[in-house]
Amino acid sequence: MPINPSIKPKTPARFQQALLKWFDQHGRHDLPWQQDINPYRVWVSEIMLQQTQVTAVIPYYLRFMESFPTVQALAAASQDQVLAHWSGLGYYARARNLHKCAQTVVSEHGGKFPRDVEALTELPGIGRSTAGAIASISMGLPAAILDGNVKRVLARIHAVAGWPGQTAVANAMWEIAERYTPAERTGDYTQAMMDLGATLCTRSRPACQRCPFENHCVARAQGNPTDYPGKKPKKEKPERQTTLLLIEHDGELYLEQRPATGLWGGLWIPPQLEDDDGGEASAQEWLAAQDLDAREIQALPLLRHTFSHFHLDIHPVWISLPLKPTRVAEGASGWYKLRQLDRPRSRQDLGLPAPIAKLVKQLVALREPLLAPC
DNA sequence: AATGCGGGGCA
DNA sequence: TGCCCAGCATT
């Protein structure tokens, strides 16, 4: 790829024109949140899309909208119901913020999202970019966004060096984003930028040949579009160990609710021995301490779950009890049918972290011959 | 196994 | 203001 130093990005007006033309012809217009557009629907989609790709979000979004069609419905729901709908998406603090935000919109804004970026930003879980997306897409206001897709597109077109996590780099990109954002058709422009980043200007193997800015992109001219945006400096992830006690009686599993904030906040998991890699042996110890008798104990294969800042090695131990104990945990806890836990639709009031859902699935497979004799 | 995604919250 | 925090899909 020859380097052409004379290449220049388009002026804002030409940029908008080319982008909107591309969007009209090749962009996606049939996504669920592009139908019946209103602030509530756009807001929910934006929060989900912050962390997950479109194809994964769609089923969650449809289920969410079916259960909570309005901000009032969401505000009236229990946090457990909301977390259950979020179960498997990750970043559960966002679901908690989503719920809190709905209640704020109802109690302090009469059930209407405020029609201005600054006021939107005050709401829990809504930052500058998400506020811009809601304002432009659902209200037609001339507000800029700078999500991951837009960062990638702009960083490449202008060959912006550095990692966008750095304040100076982010500020430079916001300035470019504001400069390009048009006063007319702002919502279409916003969706077009996100669409371009998601479908053509992808992290790896960008489809530059099909890009409307192929001949006006500095990174393309340099021949190294994937060098932009700059990478986050990486650091070592520590490893932590934990033993999970999958306590089962008669097809039911014992679960406890996590504290409201922090890791897996508000979600339901089996009793946990933290910083423990003893597996079966420490499970025996725990049972003795609880004065419980197990009918059967079986260590299951190690499950490594990686969080953003550490690895968690989960040592699951399946414990089959002959009798259901009367013991009650400090916090919320309960016994739940394994086969219901295994079907998201039938555990509408219970959020499970992804690795726990995976373990439940394994357990069901293990138990299936016993549960459903043919 | 590495990567990245947007915002909250704390020193 | 600059860090650290958080869960999963994709690659």
Side-chain angles (χ1 to χ4, degrees), chain A residues 42-60 83 85-101 104 117 120-134 144-153 155 162-171 173-174 177 190 194 197-199 201-206 226-240 242 258-269 302-314 344 351-359:
Chain A
V42 171
W43 165 60
V44 173
S45 74
E46 286 301 321
I47 302 296
M48 287 186 173
L49 289 165
Q50 281 174 8
Q51 64 204 44
T52 314
Q53 295 211 327
V54 166
T55 52
V57 160
I58 289 174
Y60 281 89
L83 283 175
H85 282 75
W86 209 263
S87 188
L89 268 181
Y91 279 129
Y92 299 96
R94 296 174 193 209
R96 299 195 299 268
N97 280 333
L98 197 78
H99 191 215
K100 201 192 307 171
C101 181
T104 305
V117 172
L120 285 170
T121 310
E122 297 298 307
L123 294 166
I126 300 182
R128 184 174 174 184
S129 185
T130 303
I134 297 169
I145 68 159
L146 188 64
D147 73 348
N149 288 315
V150 177
K151 280 177 190 161
R152 200 164 50 246
V153 171
W163 173 54
Q166 297 255 300
T167 307
V169 179
N171 288 344
M173 303 221 312
W174 268 113
T190 298
M194 296 192 294
T199 61
C201 196
T202 50
R203 185 154 66 89
S204 52
R205 305 153 162 271
T226 55
D227 285 356
Y228 300 91
K231 292 190 196 317
K232 171 186 178 163
K234 61 177 167 191
K235 46 182 144 183
E236 288 290 288
K237 288 179 175 153
E239 295 179 354
R240 295 191 208 165
T242 192
R258 300 268 308 168
T261 58
L263 190 78
W264 290 337
L267 274 70
W268 293 73
I269 69 168
L302 173 75
L303 183 64
R304 169 163 279 209
H305 186 73
T306 300
F307 289 89
S308 48
H309 59 306
F310 65 94
H311 299 289
L312 184 64
D313 283 339
I314 299 172
L352 300 186
I356 306 301
K358 192 170 168 181
L359 285 171

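- Taking atom NE2 of residue H311(A) and atom P of nucleotide dC8(C), one finds them 15 Å apart after rounding to whole Å.
- A donor-acceptor pair under 3.5 Å is absent between the side-chain atoms of R128(A) and the main chain of W174(A), judged by distance alone.
- Between the P atom of dG7(C) and the CZ atom of R304(A) lies a distance of 18 Å, rounded to the nearest Å.
- Phosphate contact (OP1/OP2 of dC5(B), side-chain N/O of R203(A), threshold under 4.0 Å): absent.
- Taking atom CG of L267(A) as the reference point, atom P of dG7(C) lies 8 Å away to the nearest angstrom.
- Between F310(A) and F307(A), the ring planes lie parallel to each other; the angle is under 30°, not in the 30° to 60° tilted range.
- Taking 4.5 Å as the limit, some side-chain heavy atom of W86(A) sits within range of a side-chain heavy atom of R94(A).
- Between Q50(A) and Y91(A) the shortest side-chain heavy-atom distance does not fall below 4.5 Å.
- Going from atom NE2 of H305(A) over to atom P of dA2(B) covers 16 Å, rounded to whole Å.
- What separates CZ of F307(A) from C1' of dC4(C) is a distance of 16 Å, to the nearest Å.
- Without hydrogens or angle criteria, Q51(A) side chain to L89(A) main chain gives a donor-acceptor distance under 3.5 Å.
- Nearest to the side chain of P353(A), among dT11(C), dG2(C), dC8(C), sits dC8(C).
- Side-chain atoms of Y60(A) come within 3.5 Å of backbone atoms of S87(A) as a donor-acceptor pair (strictly under, hydrogens ignored).
- Nearest-nucleotide positions on DNA chain C for Q166(A) and Y92(A) put Q166(A) closer to the 5' end.
- Side-chain proximity of K231(A) to dT10(C), dC8(C), dG4(B): nearest is dG4(B).
- You'll find that the side chain of P355(A) is closest to dC8(C), out of dG7(C), dT10(C), dC8(C).
- Nucleic acid contact class of T306(A) (heavy atoms, under 4.0 Å, all strands): base.
- When heavy atoms are screened at a 4.0 angstrom cut-off, R205(A) is found touching no nucleic acid atom at all.
- Side-chain contact of R152(A) with N149(A): a donor-acceptor pair under 3.5 Å is present, judged by distance alone.
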Go along nucleotides 6-11 of chain B 5' to 3' and tag each nucleotide: B for a protein heavy atom under 4.0 Å from its base, S when only backbone or sugar atoms are that close, - otherwise.
-> BSS---

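- Note on K237(A): a base of the nucleic acid sits closer than 4.0 angstrom, heavy atoms only.
- When rounded to the nearest whole Å, the span between CH2 of W163(A) and P of dC3(C) equals 9 Å.
- One can place NZ of K232(A) at 11 Å from P of dC5(C), the figure rounded to the nearest angstrom.
- As judged by a 4.0 angstrom heavy-atom cut-off over every strand, G88(A) is placed among residues touching the sugar-phosphate backbone only.
- Distance L89(A) CG to dG7(C) P: 11 Å, rounded to the nearest Å.
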